[in-house]
Amino acid sequence: MTEDPLPEKARAERLIRIGQPPRDRGELLRKLVWILPWLVFLGAPVQDLLADHHTTAATTAGWVGLLAFTGIYLAVVFRTMGRPYSGWLVGAMVAVLWVLAVALALSLGDSWLGLFVYVSVTCGVTLPLRAAYWTIPLTTAAMMLAGWFVDDLDEAWGLFLIVLLVGYSMTGVRQLVRTTVELRKARATVAQLAANEERLRLARDLHDLLGHSLSLITLKSELAGRMLPDHPDKAAQQVADIEQVSRQALVDVREAVTGYRRPRLAGELAGAQVALTAAGVIADLPTEPDLTTVTEDSESALAWALREAITNVVRHSGAQRCVVELVRRQTLDGPMLELSVEDNGSGGSGKGPGNGLTGLTERLEKAGGTLEATRLKHGFRLVARVPAGASLTAADVGSPA
């Protein structure tokens, strides 16, 4: 695609930091902003301590316990987002949180039952899945017993589903983050393997194209050198052969490079999906286009048309939605493959066809196709058609590719 790749690259760079330690103060603050709003359940314990319902010793112990609980919770959860503690230390910290929640709730009343929400979250985020699956319901049961002990089962029942479900939801979030990170690593590996395979293919093709020609040129050059003193006419013939071989090698290299540079429709569709998504445009695109009987020149022309159309949508249209259709049609000129790109934007500047559309029209005409650009009441439609090769049956006419 021809759009600026920097915004997409920056967006991917921001997203890939999920599950990784902060690199600077800005990332540290963003991660804290994500965590701190979830401390809302600490409001009830704070109000309880500020209401002066307890003795001075109990209030002091409550503040110390609350600060210790919050500090341990933030430490273990925040480190899990970057460089986690070792397994035994995580288990010990979860156990301390569990004991503090039970002790504070039993000693200071029902206002402290909300601490079990954080214990459940910590179990879901930090513990191995097998351990989390039984510690979360155990934490919920402990919260219910504490509510029964302080004679406030209504409050406990109000938190029952929250404590139970938030823990299990955190296990799902953790698995999602882990899967996302692994998927990005896999995509990077696949891209690297594809690049390596392309380099090997290029090296193999260049060897096949030039190996024989360069060997022949070398041999004839040696022959010409030996013939030059005594048989200049034969040496001249060898030089002429060298010129012919080198010209043919140059033609072969140019054809190979043209093949490498020729855009493919499947690749352009994938690029269009990425470009439209990055621009915030809802994309409706076909998948796996049927290009049987379509020549390389026709496919290349359609790929250029798609690239130009998507570039215009992203840069100039201001559209919220873009629909791409690929359809085979039977026309009076024979079977045609039709590419339609329609958006609901402003339709561009309105100053007539630009250089892009003019060049695209010429490219399609060389492939035996046509181009139509139509301004709609709310949007713009570009339709490119190229010959589809073999004739279509009646059942194929108008069917999507």
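Below, all heavy atoms of this structure are taken into account, side chains as well, without hydrogens, waters or symmetry copies. Because the structure is predicted, anything quoted here is derived from the model rather than measured.
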Could you check whether any side-chain heavy atom of Leu306 comes within less than 4.5 Å of a side-chain heavy atom of Leu265, counting everything from C-beta outward?
yes

Enclosure of Gln244 CD (heavy-atom neighbours >12, cutoff 6.0 Å):
no

Glu372/Arg385 salt bridge by N-O under 4.0 Å criterion
yes

Roughly how far, to the nearest 0.5 Å, is NE2 of His231 from CZ of Arg226?
12.0 Å

Donor-acceptor check, side chain of Ser120 to backbone of Val163, threshold 3.5 angstrom: yes or no?
yes

Flag for Gln273-Thr277: side-chain donor and acceptor within less than 3.5 Å
yes

Atom pair OG/CD1 of Ser317 and Ile310 - distance to nearest 0.5 Å:
9.0 Å

Lys/Arg N to Asp/Glu carboxylate O, Glu362 vs Lys366, below 4.0 Å
no

Does any donor atom in the side chain of Gln237 or Asp233 lie under 3.5 Å from an acceptor atom in the other side chain?
no

In terms of heavy-atom contacts, Asn344 and Ala319 come closest through OD1-CB, 3.4 Å

Write down the atom of His54, the atom of Leu108, and the distance for their closest heavy-atom approach.
CE1-O, 3.3 Å

Do the side chains of Leu276 and Val313 get nearer than 4.5 Å, heavy atoms only?
yes

Identify the two heavy atoms, one from Val150 and one from Ala105, that lie closest to each other, and give their separation to 0.1 Å.
CG1-O, 3.4 Å

Which pairs with one or both residues in residues 91-124 pass ring-ring contact (aromatic ring centres under 6.0 Å, His included), sequence neighbours excluded?
Tyr73-Tyr118

Taking salt bridge (Lys or Arg N to Asp or Glu O under 4.0 Å) as the definition, give me every residue that meets it alongside Glu325, ordered by chain and number, with sequence neighbours left out.
none

Whether the side chain of Tyr168 engages the backbone of Gly124 through a donor-acceptor N/O pair (distance < 3.5 Å, no angle test) should be reported.
no

If you define the side chain from C-beta out and look only at heavy atoms, does anything of Leu382 sit under 4.5 Å from Glu308?
no

Would you say the side-chain atoms of Arg381 pair up with the backbone N or O of Thr374, donor to acceptor, closer than 3.5 Å?
no

Gap between atom CG of Leu67 and atom CG of Leu100 - 0.5 Å precision
11.0 Å

Rounded to the nearest 0.5 Å, what separation is found between the CG atom of Leu113 and the CG atom of Leu104?
11.0 Å

Heavy atoms, side chains only, cut-off 4.5 Å: are Ser340 and Val327 in contact?
no

Examine distances only and state if a side-chain atom of Ser169 and a backbone atom of Val166 form a donor-acceptor pair shorter than 3.5 Å.
yes

Can you spot which of Val383, Leu302, Thr331, Leu326 makes a side-chain contact (heavy atoms from CB on, under 4.5 Å) with Glu338?
Val383

With no hydrogens and no angle check, is any side-chain donor or acceptor of Thr361 less than 3.5 Å from a backbone partner on Leu357?
yes

Are Leu364 and Thr370 side-chain neighbours, meaning at least one heavy-atom pair lies under 4.5 Å?
no

Can you name the closest pair of heavy atoms from Ala235 and Ala224 and give their distance?
CB-O, 3.7 Å

Partner of Leu127 by side-chain contact (heavy atoms from CB on, under 4.5 Å), out of Val94, Thr171, Thr122
Val94

Before you tell me yes or no, could you show the steps for Thr139 and Cys123 under side-chain contact (heavy atoms from CB on, under 4.5 Å), namely the whole-Å CA-CA distance, both residues' side-chain angles and the distance that decides it to 0.1 Å?
CA-CA 9 Å; Thr139 300; Cys123 292; 4.1 Å; yes

Starting at CD1 of Ile282, measure out to SG of Cys322 and round the result to the nearest 0.5 Å.
11.0 Å

So Ile217 and Asp241, do their side chains get closer than 4.5 Å, heavy atoms only?
no

Between the main-chain N or O of Ala156 and the side-chain N or O of Asp110, is there a donor-acceptor pair closer than 3.5 Å?
no

Any side-chain heavy atom of Val46 sitting closer than 4.5 Å to one from Trp63?
yes

Would the number of heavy atoms belonging to other residues, nucleotides or ligands and lying under 6.0 Å from CH2 of Trp148 be above 12?
no

Chi angles and distances behind the side-chain contact (heavy atoms from CB on, under 4.5 Å) call for Leu339, Glu268:
CA-CA 12 Å; Leu339 173 73; Glu268 291 301 324; over 6 Å; no

What is the minimum heavy-atom distance between Ala146 and Leu106, and which atoms define it?
CA-CD2, 3.9 Å

Identify the two heavy atoms, one from Ala301 and one from Ala367, that lie closest to each other, and give their separation to 0.1 Å.
CB-CB, 4.0 Å

Between Gln320 (side chain only) and Gly318 (backbone N and O only), is there a donor and an acceptor less than 3.5 Å apart?
yes

Between Glu197 and Leu193, is any pair of side-chain heavy atoms under 4.5 Å apart?
no

Gap between atom CG of Leu66 and atom CG of Leu115 - 0.5 Å precision:
7.0 Å

Between Met143 and Leu164, is the side-chain contact (heavy atoms from CB on, under 4.5 Å) condition met? List the steps.
CA-CA 10 Å; Met143 186 268 298; Leu164 185 65; over 6 Å; no

